[in-house]
Amino acid sequence: MHRTGHSAGSLDRPRPTRRSLLAALAAAGAGVGLSGCADAVGTSEGSTPLRYWNLFAGGDGVRMIELGERFSAAHPDISLEPTTLAWGQPYYTKLAMACAGGRAPDVSILHLARLPGYAPGRLLDPFPRDLLEEFGITSDKFLPELWKAGTVDGQVYAIPFDTHPFVMYYNTDICAAAGLLDDDGLLKPLQGPEELLAAFAAAREVTGDLGLSIGTLTVNPWRLFWTLYRQLDGQILDPSGTELAIDDAKALEALRFMQRLSQEGLAPRTADREAVIASFGSGRAGFLFYGEWEVTTFEENALPFGMAPFPNVFGNTRTQGDSHSFVLPHQIERDPEVTRAAVTYIAWMLENSLYWAGGGHIPAYQPVVRNPDYENLQPQAQYRSVAEDVQLDPAAWFSGSASELQNQAGAAFGAVHAGTLTPEQALEQFKDAVQTLLDTPAPV
């Protein structure tokens, strides 16, 4: 299964300093190891070797391996050599070091929100436009905002493979008993904070425990805050990405809603990933806020559930999310034949991403999204519209999946859930942390 920032974290994490950030990067680079390393999936004499790095584990890893085997069977002229590294900061540190040291793979996965930290033009090479067009990889096949996020100074540096948004799961049996389903057995629309909280309260009456299951440690408080804050049109940074631009009133409105979830006994004060999945999976909670990648977990356990876009709390359905994207790590002398092999692989993966969607992620390649077979993929098709509302993390070197921004937000905002910080205190802690990050030059 895909994990996006589930490492343990302290609610009283100290504010970062330049020295601590550089030391952390150095330590991660020195100690990183491969969580899994595969030989070439398919090798034939005279074929073009294609070294590919990714960070997919669990169910995502299995699907990626299977896709690689299918690709190799269809392309005996390309020897795909996949390597899976440890998820999160270890992966990103090793990738940056490989790019800077001339030991980079030919193609790799990068979370799209992390693109600004990889110095496009220095650590990443642009895709040749004519080669992309030859293989049908053009802007009209992707959502405009997603394609735009992978383009820097007119050059394409990232090809989106999927989006993985923050969504809402619901137990259909519990919601039926609470009177929250429509005639088709789907969740009735929930709009506004009071209507949503009332639904959680109704579910709690059925479960006798929780209305909502939600993670309160590490990255999950950030996901919820950024979702609510962006529904209020809030920003973290100014357009230049160099100055704080937090709207205190909007941020506090989002944090006070988060506070009510635990204060009113609708959601846990403290819960890690395992507790979150267990409480929803066992029927002790009627709803779950989480990433869509847990869909296979609940399917395997035969849980009666549906999925929906994150609800309209503050006027729209914007939600936090990111995108697994393909990039070309920088090489001093890039072989055109290998680059062609990389684009061949990317194009094939995009065209065959319906299988990837089975794990929960929404394909970025719109011809697949419009495929009738995707409509029949349930419950995945129930939330596919959210791809247009996905809000990437702020564009900064310290932002994106498994980033220090998410760590600091989790420490501050998780304390609001726990009741150890007021929304006002948490916001000040977060603002101080972001200012320290802004004052710290990018390590790469």
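- What you find for A251 and F225 is that their closest heavy atoms are O-CE1, 3.7 Å.
- The side-chain heavy atoms of L197 and R260, taken from C-beta on, include a pair separated by under 4.5 Å.
- For an aromatic pair to be called close, the ring centres must be under 6.0 Å apart, and F56 with H324 satisfies this.
- For F289 and F310, the gap between ring centers is short of 6.0 Å.
- Under the 6.0 Å cut-off for aromatic ring centres, F71 and Y345 qualify, their centroids lying closer than that.
- A heavy-atom distance below 4.5 Å is not found between the side chains of Y365 and I137.
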Evaluation steps, side-chain contact (heavy atoms from CB on, under 4.5 Å), between L196 and F257: CA-CA 11 Å; L196 188 60; F257 177 82; 3.8 Å; yes
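- At least one donor-acceptor pair under 3.5 Å links the side chain of Q391 to the backbone N or O of D389.
- Side-chain N or O atoms of N301 include one that pairs as donor or acceptor with a backbone N or O of T297 at under 3.5 Å.
- The minimum heavy-atom distance linking P160 with F142 is given by the pair O-CE2, 3.4 Å.
- Taking 4.5 Å as the limit, some side-chain heavy atom of E424 sits within range of a side-chain heavy atom of L252.
- Side-chain rings of F280 and F298 approach one another, their centers coming within less than 6.0 Å.
- Between F161 and W356, the distance separating the two ring centers is shorter than 6.0 angstrom.
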From CA spacing to verdict: salt bridge (Lys or Arg N to Asp or Glu O under 4.0 Å), R370, E375: CA-CA 8 Å; R370 294 190 290 267; E375 179 65 35; over 6 Å; no
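- Atom CD of E388 is surrounded by 12 or fewer heavy atoms from other residues, nucleotides or ligands within 6.0 Å.
- Surrounding CG of D153 are at most 12 heavy atoms belonging to other residues, nucleotides or ligands under 6.0 Å away.
- In this structure, Y383 contributes its side chain and M168 its backbone to no donor-acceptor pair below 3.5 Å.
- Without hydrogens or angle criteria, Q231 side chain to R318 main chain gives a donor-acceptor distance under 3.5 Å.
- When all heavy atoms of V416 and A426 are compared, the closest pair comes out as CG2-CB, 3.4 Å.
- Between K250 and E253, none of the side-chain N atoms (NZ, or NE/NH1/NH2) sits under 4.0 Å from a carboxylate O, so this pair counts as no salt bridge.
- In this structure the side chain of S325 never reaches within 4.5 angstrom of the side chain of I159, judged on heavy atoms.
- Side chain of D184 to backbone of L186: no donor-acceptor contact under 3.5 angstrom is found.
- Although no hydrogens or angles enter the test, the distance criterion places a donor-acceptor pair under 3.5 Å between the side chain of S213 and the main chain of V276.
- In this structure, S399 contributes its side chain and A395 its backbone to no donor-acceptor pair below 3.5 Å.
- Aromatic ring pairs are classed by plane angle as parallel below 30°, tilted from 30° to 60° and perpendicular above 60°; the pair F413 and F430 is tilted.
- Remark: aromatic rings of F166 and Y290 are distant, center separation not under 6.0 Å.
- A side chain to side chain donor-acceptor pair (under 3.5 Å) with H361 is found for one member of H164, Q380, E292 and no other, namely E292.
- Considering only heavy atoms from C-beta on, E294 comes within 4.5 Å of Y169 through its side chain.
- Looking only at distances, a side-chain donor or acceptor of D238 sits under 3.5 Å from a matching main-chain atom of E243.
- Side-chain N or O atoms of T93 include none that pairs as donor or acceptor with a backbone N or O of P90 at under 3.5 Å.
- Between S108 and L95, the shortest heavy-atom contact is OG-CD1, 3.8 Å.
- The backbone N or O of P82 lies less than 3.5 Å from no partner atom in the side chain of N54, so there is not a single donor-acceptor pair.
- Taking the ring centre of Y92 as origin, the terminal cationic atom of R114 falls inside the region bounded by 6.0 Å and 45° from the ring axis.
- For the pair F200/E264, no side-chain contact is recorded, criterion being any heavy-atom separation below 4.5 Å from C-beta on.
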